[in-house]
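Notes for the one structure printed next.
On a predicted model such as this, the values are computed, not experimentally measured, just so you know. Because only heavy atoms are used, hydrogens play no part in the values below, and waters and symmetry mates are left out as well, while side chains stay in.
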Amino acid sequence: MKMIRRAVTASAVAASVGVFPAVALAAEQSRALERTADSTSVFLYTVGAGVALMLLSTIGYLYRRVRNLEWDFQRADAPAHDQHH
C-alpha cells in the first residue's frame, strides 16, 4: 500500500513540475484565437443537437423493442460446432 501511495505522490509531483512551466509559457505566448460573440450559442446548439440525436435513437430503440421487431441478421449466430456432421 505504501508503494502505491509513493507512486501516486511521485506522479503528482512530476505532473505538477511539468505543468506549471508549460502553463506559464503558454500565458506569455498565447496563440489561441479569441472567442467570438456567438461561440456560446454555437456550443449550446451543438449540445442540443447531440441530446436530440440521443433522444431520437432511444425512442427508436424503445419502439423496436415494444413492437418486438427483430430480424434474422440481428440474432446471435449458431454455434460453429453443432451436432450435425
Side-chain angles (χ1 to χ4, degrees):
M1 193 67 164
K2 285 185 179 182
M3 196 169 188
I4 294 173
R5 194 173 300 148
R6 286 182 188 170
V8 169
T9 304
S11 297
V13 169
S16 64
V17 167
V19 167
F20 288 133
V23 170
L25 183 63
E28 290 177 9
Q29 302 172 356
S30 178
R31 296 183 351 174
L33 297 175
E34 295 293 324
R35 287 182 60 181
T36 60
D38 62 346
S39 63
T40 304
S41 64
V42 169
F43 173 75
L44 292 176
Y45 282 132
T46 304
V47 169
V51 169
L53 182 63
M54 286 186 235
L55 181 64
L56 184 64
S57 299
T58 302
I59 290 171
Y61 171 76
L62 291 175
Y63 177 80
R64 196 188 80 198
R65 229 174 128 197
V66 166
R67 296 285 184 151
N68 207 14
L69 298 175
E70 251 185 46
W71 294 278
D72 289 335
F73 72 90
Q74 292 175 321
R75 297 174 199 244
D77 291 335
H81 300 290
D82 53 357
Q83 301 299 328
H84 305 293
H85 290 275

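Residue pairs that meet the side-chain hydrogen bond (donor to acceptor under 3.5 Å, both in side chains) test with at least one member in residues 38-64, sequence neighbours left out, are R35-S39, R35-T40, T36-D38.
Every residue two or more places apart in sequence or in another chain was checked for a side-chain contact (heavy atoms from CB on, under 4.5 Å) with V66, and none qualifies. By the side-chain contact (heavy atoms from CB on, under 4.5 Å) test, F43 pairs with V47, sequence neighbours left out.
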